[in-house]
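Ligands are counted one by one from 1 in listed order, and the atoms in each one are counted from 1 as well. Remember, it's a predicted structure, so these values are computed and weren't measured experimentally. Numbering starts at 1 and runs along the sequence shown.
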Amino acid sequence: MVCKKCIESPVIKLPNSEVSLCKSCFVKYFEKKVFKTIRIYKLVEKNDHIGVAVSGGKDSTALLYILNKLIKKRKGSRLTAIAIDEGIKGYRDVSLDFLKNFCNKYKIDLKIFSYEANFGKPLDSILDANKNIIPCSICGVFRRYLLNKNSKELGFTKLATGHNMDDEAQTILMNYFRSNIRISARLGPITGVLNNKKFIKRIKPLYFLSEKEVTTYSYIMEFMDKYMECPHNAQSYRGQIRDFINDFDSKYPGTKHGIITSFLEILPLLKNNLNYKEELKICSICAEPSSKDICQTCIYAESVVNKMK
Ligand code: SF4
Ligand code: ZN
Ligand code: ZN
């Protein structure tokens, strides 16, 4: 068997198709698909200062590399990488070391914000002292908070994240299963239901690429030699949904793609439905946006972290 575009040996069979591509044809296909998503959904515009949320993992590294390549060619646009150090020994310290070297190599400005500096304790200590807490529930809230707050302070016009098709399909199903459909109105390749200065606009240039494609791209580009996963990932609700969708997609190919395409058809209805426009409040402690009088970050900081001191 040879590559569909040339005579080299193929390295990947594209999802939902009979097309197999070699290394260099796959890299071209991958980058073209990212640029097409950026163009169609107007993810990057003139004079944008794009923040790229990076973790040192395969998805965000692939995204950072491609966006850096694009923005270098555009006069007036800027890019800064932003990372969160949750404080997970043996995992985040390793991925942040990789990230620092990567940014150094490609001359990308990198800003890191840690739970320890902002909330007083690293995630490891918080979890040690609070055995009953689900790691991702507090971690996800703290991470979103620091990303949003610091992106505004750094003057980003948009925040790019490495979410791929698999991530989005998982989030869509999670919101259905948990009866959180109104939260899905905030999904899609570019967020916009809350067009509010308090929220940084988020863009997802890898939206139409599967996990398998992003992993293949990262390995071909030699961004990393081993794939690391957070030790708490398997415990998460998302981890179980991921296994469920993967299992279903292997039995019925096209399932993930189906979830995304049907969702994109109903997304304009969700966004336009006035009932889904939430009233936004300002947290009385930190002045960040919140759906309640006190935001979830301040609730966790007070009820979980401060009581440890
Ligand atoms: Fe945090 Fe959970 Fe992600 Fe680990 S998997 S970094 S605990 S949100
Ligand atoms: Zn080829
Ligand atoms: Zn708050």
Interatomic distance, CZ@R144 vs CD@Q296, rounded to 0.5 Å, equals 9.5 Å
Under 2.8 Å: N/O/S of H232 next to atom 4 (Fe) of ligand 1: no
Just by distance, with hydrogens left out, do T171 and R238 show a side-chain donor and acceptor under 3.5 Å apart? yes
Heavy atoms only: give me the nearest S20-M1 pair and the separation to one decimal. OG-CE, 3.6 Å
Among protein heavy atoms, which sits nearest to atom 1 (Fe) of ligand 1, and what does the distance come to when rounded to 0.1 Å? C139 SG, 2.3 Å
Starting from atom 3 (Fe) of ligand 1, locate the nearest protein heavy atom and write down its residue, its atom name and how far away it is, to 0.1 Å. R143 NH2, 3.3 Å
Rounded at 0.5 Å granularity, tell me how far CZ in F208 sits from CD1 in I260. 7.5 Å
Does the side chain of S77 pick up a donor-acceptor pair with the side chain of D48 at under 3.5 Å? no
Return yes if a side-chain donor-acceptor contact under 3.5 Å exists between Q170 and R242, otherwise no. no
To which protein heavy atom is atom 4 (Fe) of ligand 1 closest, and what is the distance rounded to 0.1 Å? C230 SG, 2.3 Å
heavy-atom search around atom 2 (Fe) of ligand 1 in the protein gives C136 SG, 2.3 Å
Can you give me the SG-the Zn ion (ligand 3)-SG angle for C295 and C298, to 10°? 110°
I need the atoms of ligand 1 closer than 4.0 Å to a non-hydrogen atom of E86, numbered in the order shown. 6 (S)
Angle at the Zn ion (ligand 3) between SG of C286 and SG of C283, to 10°? 100°
If you draw a 6.0 Å radius around NZ in K212, do more than 12 non-hydrogen atoms from other residues or ligands fall strictly inside? yes
In degrees, rounded to 10 degrees, what angle do C25 atom SG and C22 atom SG make at the Zn ion (ligand 2)? 100°
